[in-house]
Amino acid sequence: MPTVACPDCASTNRVRQERLGDNPRCGRCGSPLFQGKPVTLTAANFDRHLAAETPLLVDFWAAWCGPCKVMAPQFEAAAKALEPRMRLGKLDTEAEQQIAGRYGIRGIPTMILFRGGEEIARTSGAMSAAQIVEWARSRAG
């Protein structure tokens, strides 16, 4: 059974593969596990989402970055298309410099796709929602 981190409390939940599309809720706080929008990732919850078995697509961004602002609504639209097979999260590189440094983020926006805590793909530059979905699906397998 795949594990999914709750977007609200970051508790790890086990959900049967065939039940992922049934709007599962967190066993701890009762929040929907998939909300059709990216999760805000911070030092407090990043590793829980990273460790979950559900693939994690992270948008590394900053508030001052023009291309990041352009891509933000596109990334949100991609979340609606990719959930529940994938979790999408946004990490502010200014607020979470240690995590950005851990992954060698040099340019933004940068997206990294993780599975089981391991990086499996990376790309930089703004994309449309359709491009994000296509890129993520082709890399996730």
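Scope of the values below: all heavy atoms of this structure, side chains included, with no hydrogens, waters or symmetry mates. In this text the structure is predicted, and so the values were computed from the model without any measurement.
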Scan residues 109-135 for pairs that pass ring-ring contact (aromatic ring centres under 6.0 Å, His included), counting only residues two or more places apart or in two chains.
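Every ring-ring contact (aromatic ring centres under 6.0 Å, His included) pair that includes a residue of residues 109-135, provided the two are not neighbours, is Tyr103-Phe114.
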
Contact list for residues 7-45, test ring-ring contact (aromatic ring centres under 6.0 Å, His included), sequence neighbours left out
none

Are [X] and [Y] close enough that some pair of their side-chain heavy atoms sits under 4.5 Å apart?
X      : Y      : result
Cys9   : Cys26  : yes
Met86  : Leu56  : no
Gln35  : Pro32  : yes
Glu18  : Met1   : no
Pro38  : Glu76  : yes
Thr110 : Arg122 : yes
Val39  : Arg87  : yes

Please answer: with hydrophobic residues joined when any side-chain heavy atoms are less than 4.5 Å apart, are Met111 and Trp61 in the same cluster?
no

How long is the gap from [atom1] on [X] to [atom2] on [Y], to the nearest 0.5 Å?
X      : Y      : atom1 : atom2 : result
Phe46  : Ile99  : CZ    : CD1   : 5.5 Å
Ile120 : Ile112 : CD1   : CD1   : 11.5 Å
Asp59  : Leu88  : CG    : CG    : 8.5 Å
Arg48  : Leu41  : CZ    : CG    : 13.5 Å
Cys6   : His49  : SG    : NE2   : 7.5 Å
Lys90  : Lys37  : NZ    : NZ    : 13.0 Å

If only atom types and distance count, is the side chain of [X] paired as donor or acceptor with the main-chain N or O of [Y] below 3.5 Å?
X      : Y      : result
Asn45  : Thr40  : yes
Thr3   : Glu53  : yes
Glu94  : Ala62  : no
Asn13  : Ser11  : yes
Gln131 : Ser128 : yes

Would Ile132 and Gln74 satisfy side-chain contact (heavy atoms from CB on, under 4.5 Å), going step by step from the backbone distance to the final call?
CA-CA 8 Å; Ile132 294 167; Gln74 301 301 313; 4.3 Å; yes

Would you mind checking if Lys80 and Glu83 are paired as a salt bridge, meaning a charged N to carboxylate O distance below 4.0 Å?
no

Residues Glu134, Arg137; criterion salt bridge (charged side-chain N to carboxylate O under 4.0 Å, His left out); working and verdict
CA-CA 5 Å; Glu134 180 183 335; Arg137 284 183 177 158; over 6 Å; no

Using the test salt bridge (charged side-chain N to carboxylate O under 4.0 Å, His left out), find all partners of Asp8 that sit at least two apart in sequence or belong to another chain.
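Here no residue qualifies.
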
Arg102 atom CZ, over 12 foreign heavy atoms within 6.0 Å
yes

Taking atom CG of Asp47 as the centre, does the number of heavy atoms from other residues, nucleotides or ligands within less than 6.0 Å exceed 12?
yes

